Every structure is written in structure tokens, then in C-alpha cells.
A.B. asks: 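This is the structure I have questions about; it appears just below.
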There are 2 protein chains.
Amino acid sequence: MSFNTLGGTAFPSPASGGLEGWQRAVRRAGHRLTRPRRAVLEVVAQADAALTAAEIHRLARDRHPHTGLVTVYRTLNLLVELGLVRRLRIEEGGQVYLRADLHQPGHHLICRSCHRAVEFPCRGLEEVVEEMERRTGFTVQDHWLELFGLCPACQEEQEQ
Amino acid sequence: MSFNTLGGTAFPSPASGGLEGWQRAVRRAGHRLTRPRRAVLEVVAQADAALTAAEIHRLARDRHPHTGLVTVYRTLNLLVELGLVRRLRIEEGGQVYLRADLHQPGHHLICRSCHRAVEFPCRGLEEVVEEMERRTGFTVQDHWLELFGLCPACQEEQEQ
DNA sequence: TAACGTATTGAAACTCATTTTCAATAAGAT
DNA sequence: ATCTTATTGAAAATGAGTTTCAATACGTTA
């Protein structure tokens, strides 16, 4: 398990008007809107947590039963290329897909006891990053902050 | 490639007296010191940057030509269990191994163009962390901050 | 120094996630 | 309605890492 709560906790579930936007984006980029592709778009556009390819495959089949896992992968790669979806590597070595607008890049609270990961909206990091750019000459495009510790539930458990 | 400069930049190459310590640790834990195991220990103990299993395999063969990749994996897992080595996941999905004493957990500036990683002393993050603890109830024990972007040299190159 | 029990080895087989191949299909432009 | 060609899915390939198992070699004890 672990990261499959990614996105789910901190971002309740915003727009779903994104779907049509995605379809337009796909067409505009010169791609066809096929049935399996539509199925994958719908699943990912409507999910408000990060999903594995296998999970997306299962859900897409509810919409278009014939959808193959290969096409799920291909469509996900397309969506990542178009910038609509982010591919996230999880600690165990797999990858997971999340709507780009849900992806606060790289802010995770990870519980070392129960391995649950929660995304959090990050405040105050901008200054740290700017300071670092000034000091090193780097241009920072992205960042990734992970906090490791104990979640409230596991703290309680350990106190008993 | 990518992370293979990890550790390399900020830690020129400290002790190599670590080797005997490792051998003792392995024996103390009830394991035998076989030739291939020695070869892997030597390679990893003397490397001052993170290496992939394949790279370690290649280098270990210089010392004991018969060494199999399987044994490299097994030995690396052993070293990780003993806490002598850290296994780091890299962006591309693979993993990389680094002497634990070289692993300043988690402050890296990583250049997306030349893949060099530089460690930096982190200032101002404490407040961000505390704010987060207050807001979520987590107890934070550790953190990992990675900044991705372009180093000064690569910025110049791209401007031409 | 030899002999022995057993941890360790390496090759091959196996996972599991992802990608490639390729003939058949179906978008969507005309 | 037709036609071009992007897209599909099944099967095969890949690649990192693990498991299996008979053969080997540590290192303890005699």
C-alpha cells in the first residue's frame, strides 16, 4: 500500500469539468479519441487520488470492458506528455498516476510505522528555495520535500 | 546515470578503514566472509559515490571474476540490513547503493541536465516543519528535501 | 592439517511492471 | 460511404530484482 492515499487526503475533489478540457487537449495534439482512451481519460480525470496502472485498468474496464492494459499504459504516457497527469515513483519502486492539478509536487508526510503517506500543501518553502538559488546559482524548477515521522494514530499506539 | 554523482560531490572520500569494520560487522552478525562477499564489501566500502547493482557487479568482478550478480544483490541486501549501506530510489525507478556514512539524508540540488547532485546545508526549513507538525499532528523525525533544476554551468550552455 | 556441517554460491528459472511488435480494427477526414 | 492511418490488444520481449537448488567452500572442531 503506502502511497495509494496520495492526493486523496489533502485535496477533497475539485473540478470535474477537466474532462472536456482533456479531450480537447488530446484532439488538439493530433490524437484520436477512441473508446478505450475515453475510458482512461474519464477514470483519471475523475480520480482524486493517485492510482496505479492496474487500478486504472480495472476502473476503465467498467466503462469499456475491452480495454487492454497496454492501452492504459500508452494513454497514461500520452497524458503525462501532455502535462495533464503526473507520474509519481513510490518508495516500493512502482509508479502511480495523478491528475496534474492535484499534484502539489513533492510534499509528503510519511508515517514510518504504518507507511501511510499524506500530501500536504506546503507553505513557507518558497523562501528557502529562493535563498538557495541566490546562494548557489541554481535555477530551481521543482522540489520534493518528504517528512518522515509518526502519524497521530501511530503515536498513540506507541504510547500504550 | 542520473544520481550517480550522489555523495560524490560533497564528500571527497573519507575513511577507508571502514572496510575492516564492515567485515567484523558481517562476521559478528553470524555471516561468513566469502570471496565474492569480500569483493562486494571492498567495492562499496571504497566507493565515494552511489552505484547501481550492475556497476558494483562489474567492479566486484575485477576482484573476484566469478562473482555473480545474484550474490551482489544478496550482499547488498545484507549490508542494508546491517545499516552499513543505504538503498536509494532514483527518479528513473531504479535503485542505487551508497555507504551509509556518505548519506547525508536528504538535501540535494540536482541538475536535470548534467545529473550532478550537490548536497547543501539547509536553512529555514525548521519553521516549515514545525508548522506542519502543528497542523497535522505528525511527529516529524526526519526530512528529505530535493531541489531539481539547472546548475549554473548547464544554464549557460542552454543560453547559447 | 584434515574433516565435516552448513551457509553461501551461481546459473537458470521466475516475478512483476512496463514496453515493443504486429496484424486487425476503427477514428474521423474527405 | 469510403479510405487512410492512428490506434488497438494479445503475445512476446524487456529489465530489475528475487527464488530455487544442487554444488561449493567457509571456518569450526577434532
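Numbers restart at 1 for each chain; the letters A, B, ... are given by sequence-line order, proteins then strands. We use all heavy atoms of the structure for the numbers below, so side chains are in, but hydrogens, waters and symmetry mates are not. Predicted, not measured: the structure shown is a model, and the values here were computed from it.
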A.B. asks: Could you state the atom-to-atom distance from CG of Leu78(A) to P of dT7(D) in whole Å?
C.D. replies: 8 Å
A.B. asks: Just by modelled atom types, is the Thr67(B) backbone N or O under 3.5 Å from a matching donor or acceptor in the Thr71(B) side chain?
C.D. replies: no
A.B. asks: Got a donor-acceptor contact below 3.5 angstrom from the His143(A) side chain to the Glu126(A) backbone?
C.D. replies: no
A.B. asks: Can you see which heavy atom on Arg99(B) is nearest to which on Ala47(B), and at what distance?
C.D. replies: NH1-O, 3.2 Å
A.B. asks: Do you know which two heavy atoms are closest between Leu69(A) and His57(A), and how far apart they sit?
C.D. replies: N-NE2, 3.3 Å
A.B. asks: Students should find this one: the first and last nucleotides of DNA chain C, 5' to 3', lying under 4.0 Å from a heavy atom of chain B. What are they?
C.D. replies: dG5(C) to dA12(C)
A.B. asks: Check the surroundings of atom CZ in Arg35(A): do more than 12 heavy atoms from other residues, nucleotides or ligands lie under 6.0 Å from it?
C.D. replies: no
A.B. asks: How close do Val96(A) and Thr52(A) get, heavy atom to heavy atom, and via which atoms?
C.D. replies: CG2-CG2, 3.8 Å
A.B. asks: Using every non-hydrogen atom in the two residues, find where Ala49(B) and Leu98(B) come nearest and quote the distance to one decimal.
C.D. replies: C-CD1, 3.6 Å
A.B. asks: Nearest-Å distance, CD (Gln95(B)) to P (dT18(D))?
C.D. replies: 7 Å
A.B. asks: Heavy atoms under 4.0 Å, any strand shown: does Leu69(B) hit a base, just sugar-phosphate, or nothing?
C.D. replies: nothing
A.B. asks: For Arg27(A) and Arg74(B), take the nucleotide of DNA chain C holding the closest heavy atom to each; which residue's nucleotide lies nearer the 5' end?
C.D. replies: Arg74(B)
A.B. asks: Does dG17(D) have OP1 or OP2 under 4.0 Å away from a side-chain N or O of Tyr73(B)?
C.D. replies: yes
A.B. asks: Pick the nucleotide of DNA chain D nearest each of Thr67(A) and Arg32(B); which residue has the one closer to the 5' end?
C.D. replies: Thr67(A)
A.B. asks: Does Val70(B) or Thr34(B) map to a spot on DNA chain D nearer the 5' end, using the closest nucleotide for each?
C.D. replies: Val70(B)
A.B. asks: Using a cut-off of strictly less than 4.0 Å, decide whether Arg37(A) has a side-chain nitrogen or oxygen near OP1 or OP2 of dT7(D).
C.D. replies: yes
A.B. asks: Where do Val128(B) and Leu125(A) come nearest, in terms of heavy atoms and distance?
C.D. replies: CG2-N, 4.2 Å
A.B. asks: Over all heavy atoms of both residues, which pair between Ala29(B) and Leu82(B) is shortest? Give the atoms and the distance, please.
C.D. replies: CB-CD2, 3.8 Å
A.B. asks: At how many degrees, to 10°, do the end axes of the helix from dT1(C)-dA30(D) to dT30(C)-dA1(D) meet when each uses five pairs?
C.D. replies: 20°
